[in-house]
Colleague: 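I'd like to ask some things about the structure below.
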Number of protein chains: 2
Amino acid sequence: MSIRNPKQALYEQFSIVAKALGHPLRLEMIEHLAQGGRSVEALAAKLSQPVANISQHLQALRRAGIVSAERDGKFVHYSLADDSVLSAFAAVRGVAERQLAEVDRIVRGYFDARDDMRPVTRDELQTLMRDGLVTLIDVRPKDEFALGHVPGAINVPLGKVRAWSTDAAIGREIVAYCRGPWCVMSFEAVAALRALGHSARRLEDGMPEWKAAGLPVAVVA
Amino acid sequence: MSIRNPKQALYEQFSIVAKALGHPLRLEMIEHLAQGGRSVEALAAKLSQPVANISQHLQALRRAGIVSAERDGKFVHYSLADDSVLSAFAAVRGVAERQLAEVDRIVRGYFDARDDMRPVTRDELQTLMRDGLVTLIDVRPKDEFALGHVPGAINVPLGKVRAWSTDAAIGREIVAYCRGPWCVMSFEAVAALRALGHSARRLEDGMPEWKAAGLPVAVVA
DNA sequence: CTGTCATTCAACAATTCTATTGAATGACGA
DNA sequence: TCGTCATTCAATAGAATTGTTGAATGACAG
């Protein structure tokens, strides 16, 4: 290692963090960990990746101070080290959304086809919920719902949305949310519900953003 | 390229941005560009790097939508594409500051030795300036000062701080700022001024953050 | 103590990133 | 049109990153 002045040393540290964010799989891991802490194996299962691969990426994230590890018996429980990680993710996403034409292309080509309406903002949702005007569904898997969800939301995992919507007597508009602003599941859910004749919209972003905004979070006992 | 679902495609785009931020030299380039747009050659001179190297890194930053290029005669003028780039930089820096022990070590080992006092916040500075209680100096090079500075600030490039402080009749506390929160120059300036018996403090961060906060910026005519 | 199992480590080839060099491009002024 | 000059491109070698494999570690249960 060459001699560095403090300025270069600091830039090097900052670049460690950015470098750690610079891999699609690691970003996906962060989004999953934002739903709640997980073991290596559980995370590997969620992402359909070899355990060793996930373990290595977790090491990389840990070296960058992005995740923290805590041993729990024979498991090692990983979780996001800090809420500032979410802001960094959001900031990077923001640059990409504004500046990369490819993002726009992907969004138009896939997401817009499934949701041509303006999403519901967090503020709007709170008003609608208070006035009892909407049914809020959390389309994430059961385990993620259990770790924390918007108070009043019903857990309807994506695969069960069709069955649920025919069974339940829904007289109100449905609002769906999942892991984050571009989480595919809520788009799919809204598309499926509309195809069945329901009135449905997406929440503008997901659980981690809700929590980061300081809003109340419900946990399954 | 393998077949990707939209989720993976989006993560890949986000990772392009993060990857572009994942190099110390590129971060330094961003901090310089945040002072104002520059040509390839000018930037290369500032960073003491070969022109071709800077050019290539600029291409990388441009592909990631971080900088934008604009031809101006025989020069190509590069500047930050968006203010969101600064928030992304700040967010990454924030994670590093909170989570990486090495950052703390560098800061303690170098910066604290030069400035053991709490920096002046932007709000404080505005009050102090309004009441005429401080002399504000911008210790960046002349060209960067010209592109935008805090109204009321005097440009005293780092190398001229000693001479200036003996010449000028200073009866007030001095506040120094430069390129950003960890810009070495303002630490050096404060250390030099204190060694000469003056009362001096740093502004908590630099010009880009001042501007990003929506505060007024003065430009040399 | 021993077996089991979650996790990590070590080593490898494949790929990507990096800095350097020198040549190519393209805009300006004469 | 021609020379000059800022910038970019192309090619290279060297370094770092990636995913895979299988073995090592370390904690728990019996």
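Below, read A as the first sequence line, B as the second, and so on, with proteins coming before strands; counting in each chain starts at 1.
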Colleague: Looking only at the side chain of B/Phe75 (C-beta and beyond, no hydrogens), which of the listed nucleotides D/dT8, C/dA6, D/dA6 gets closest?
Modeller: D/dA6

Colleague: Tell me which one of A/Glu28, A/Glu31, A/Arg26 satisfies side-chain hydrogen bond (donor to acceptor under 3.5 Å, both in side chains) with B/Tyr11.
Modeller: A/Glu31

Colleague: So, B/Asp143 and B/Lys46, do they make that salt bridge, N to O below 4.0 Å?
Modeller: yes

Colleague: With distance as the sole test, does B/Asn5 use its side chain to make a donor-acceptor pair with the main-chain N or O of B/Gln8 at under 3.5 Å?
Modeller: yes

Colleague: Find the distance A/Leu43:CG to C/dT8:P and express it as a whole number of Å.
Modeller: 11 Å

Colleague: To the nearest angstrom, how far is B/Lys74 atom NZ from D/dA6 atom P?
Modeller: 6 Å

Colleague: Please classify the nucleic acid contact of B/His77 as base, sugar-phosphate, or nothing, using heavy-atom distances under 4.0 Å.
Modeller: nothing

Colleague: Name the residue closer to the 5' end of DNA chain D, choosing between A/Pro50 and A/Arg71 according to the nucleotide with the nearest heavy atom.
Modeller: A/Pro50

Colleague: Could you tell me whether A/Glu144 and A/Arg179 make a salt bridge, using a distance below 4.0 angstrom between a side-chain N and a carboxylate O?
Modeller: yes

Colleague: I need the CD-P distance between B/Glu41 and D/dT7, as an integer number of Å.
Modeller: 6 Å

Colleague: Kindly say whether A/Val107 contributes a backbone atom to a donor-acceptor pair with the side chain of A/Arg105 at under 3.5 angstrom?
Modeller: no

Colleague: By nearest heavy atom, map B/Leu58 and A/Asn53 onto DNA chain D; which one lands nearer the 5' end?
Modeller: B/Leu58

Colleague: Distance check: side-chain N/O of B/Ser55 vs OP1/OP2 of D/dC9, anything under 4.0 Å?
Modeller: no

Colleague: Write down the distance between CD (B/Gln49) and P (D/dT7), rounded to a whole number of angstrom.
Modeller: 16 Å

Colleague: Is A/Arg26 touching bases, backbone alone, or none of the nucleic acid, heavy atoms closer than 4.0 Å?
Modeller: sugar-phosphate

Colleague: For the base of C/dT20, is there a side-chain donor-acceptor partner from B/Gln56 under 3.5 Å away?
Modeller: yes

Colleague: May I have the distance from B/Arg62 (atom CZ) to D/dT8 (atom P), rounded to whole angstrom?
Modeller: 6 Å

Colleague: Of the nucleotides C/dT7, C/dC17, D/dT8, which has the atom closest to the B/Val76 side chain?
Modeller: D/dT8

Colleague: Please state whether the phosphate of D/dA6, meaning OP1 or OP2, lies under 4.0 angstrom from any side-chain nitrogen or oxygen of B/Tyr78.
Modeller: no

Colleague: Between D/dT18 atom C1' and A/His57 atom NE2, what is the distance in whole Å?
Modeller: 7 Å

Colleague: Over all strands shown, is B/Ala60 touching base, sugar-phosphate only, or nothing at heavy-atom distances under 4.0 angstrom?
Modeller: nothing

Colleague: Between A/His23 (NE2) and C/dT15 (C1'), how many Å, whole number?
Modeller: 11 Å

Colleague: Can you measure A/Leu25 atom CG to C/dT15 atom P for me and round it to whole angstrom units?
Modeller: 19 Å

Colleague: Under 3.5 Å, is there an N or O donor on one side and an acceptor on the other linking the side chain of B/Gln59 and the base of D/dT7?
Modeller: no

